[in-house]
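First the structure, in the form of structure tokens, and then the observations on it.
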Amino acid sequence: ARLEVEKIALYLDATPQEPKEPAAGILALLGAENDEEDLSAMFNAALGGDSKKLTTELAAASATGFSEVGLIRLLLRHLAKLSELRSKVDNGASITKTVGHPSVFWKDRDHFGRQLGIWSAANIARLIERILALEVAMKSSGQPEHVLIEQELLTVTRKAARLR
């Protein structure tokens, strides 16, 4: 955050003695982008079985470019959290109470709630194995990474749609 403030101050030629307030447009232009949020929209669409949303997200991500390995890492973190939450639900906690816990970021609660209604613990475990295998394939197959990730996300979407 400090580096972001310094970057904006430098752009505005502001100093502690002569502070300047940036316009909203300047903040949008200079502010750090949150690629993580864009990528989560992609895998949340897949895990929720929403093929229309997924194809829209894939097209947008392809136009701007994204890190396929970064997506894999975010997806694995998300699946680990989903697995943890699934365990709580399987032990008797309600989905609403589970996703309402402070350990679940408020922006992710609806996604996790929907996904907990779709994915069983066994399916989540198999999905984690598939995604780990995908990461290995991306590094060793010689095929374009974006093709492999798109194929897998479409497969996940079809599976989620069947499970709903």
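Computed over heavy atoms, backbone and side chain alike; hydrogens, waters and symmetry mates excluded. Quick caveat, the model's predicted, so the values are computed rather than measured.
Judged as a salt bridge (charged side-chain N to carboxylate O under 4.0 Å, His left out), not a single pair has a partner in residues 154-164 (not counting sequence neighbours). Judged as a salt bridge (charged side-chain N to carboxylate O under 4.0 Å, His left out), the pairs with a partner in residues 44-56 (not counting sequence neighbours) are, in order, Lys53-Glu57. Pairs of residues two or more places apart, or lying in two chains, that qualify as ring-ring contact (aromatic ring centres under 6.0 Å, His included) and include a residue from residues 94-125 are His78-Phe112. Pairs engaging residues 85-95 under the salt bridge (charged side-chain N to carboxylate O under 4.0 Å, His left out) rule: Glu84-Lys88, Arg86-Asp90 [sequence neighbours left out].
The two residues Ala93 and Thr98 make their nearest non-hydrogen contact at CB-OG1, 3.4 Å. Annotation for Gln115 and Leu82: closest pair CB-CD1, 3.9 Å, computed over non-hydrogen atoms. Counting all heavy atoms, side chain and backbone alike, Ala46 lies closest to Ala160 at O-CB, 3.6 Å. Of all non-hydrogen atoms in Val104 and Val99, the two that sit nearest each other are CB-O, 3.4 Å. Of all the heavy atoms in Ala61 and Met42, the pair that sits closest is CB-CE, 3.3 Å.
Tracing side-chain contacts under 4.5 Å through hydrophobic residues (I, L, V, M, F, W, Y), one never reaches Val147 starting from Val156; they form parts of separate clusters.
Connectivity analysis of hydrophobic side chains (ILVMFWY, heavy atoms under 4.5 Å, direct or indirect) links Leu10 to nothing; its cluster partners are none.
For Thr15, the side chain to side chain contact (heavy atoms under 4.5 Å, CB included) criterion is met by Gln17, Glu18, not counting sequence neighbours. Partners of Arg73 under the salt bridge (charged side-chain N to carboxylate O under 4.0 Å, His left out) rule, at least two apart in sequence or in another chain, are Glu135. Qualifying side chain to side chain contact (heavy atoms under 4.5 Å, CB included) partners for Ser141, counting only residues two or more places apart in sequence or in other chains: Gln143, Leu148. Residues passing the side chain to side chain contact (heavy atoms under 4.5 Å, CB included) test with Glu68 are Phe66, Met138, Glu145, His146, Ile149, sequence neighbours excluded. With sequence neighbours left out, the side chain to side chain contact (heavy atoms under 4.5 Å, CB included) criterion links Ala60 to no other residue. Scanning for salt bridge (charged side-chain N to carboxylate O under 4.0 Å, His left out) contacts around Lys20 gives an empty result, with sequence neighbours left out.
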field: Residues Leu153, Leu71; criterion side-chain contact (heavy atoms from CB on, under 4.5 Å); working and verdict
entry: CA-CA 11 Å; Leu153 288 174; Leu71 173 63; 4.0 Å; yes

Donor-acceptor contacts under 3.5 Å from residues 123-131 side chains, at least two apart:
unit_1, atom_1, unit_2, atom_2, d
Asn123, OD1, Arg126, NH2, 2.4
Asn123, ND2, Ser120, OG, 3.3
Arg130, NE, Glu152, OE2, 2.7
Arg130, NH2, Glu152, OE1, 2.9
Arg130, NH2, Glu152, OE2, 3.1

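Leu39 pairs in a side-chain contact (heavy atoms from CB on, under 4.5 Å) with only one of the listed residues (Ile72, Leu74, Leu75, Asn44), which is Leu74.
The closest donor-acceptor contact from the side chain of Ser83 to the backbone of Leu79 lies at 3.5 Å or more, if one exists at all.
If you take OG1 on Thr155 and CG on Leu134, they are separated by 10.0 Å, rounding to the nearest 0.5 Å. Remark: Leu54 CG to Thr157 OG1 distance equals 4.0 Å, nearest 0.5 Å. Expressed to the nearest 0.5 Å, how far CD of Glu150 lies from OG1 of Thr55 amounts to 10.5 Å.
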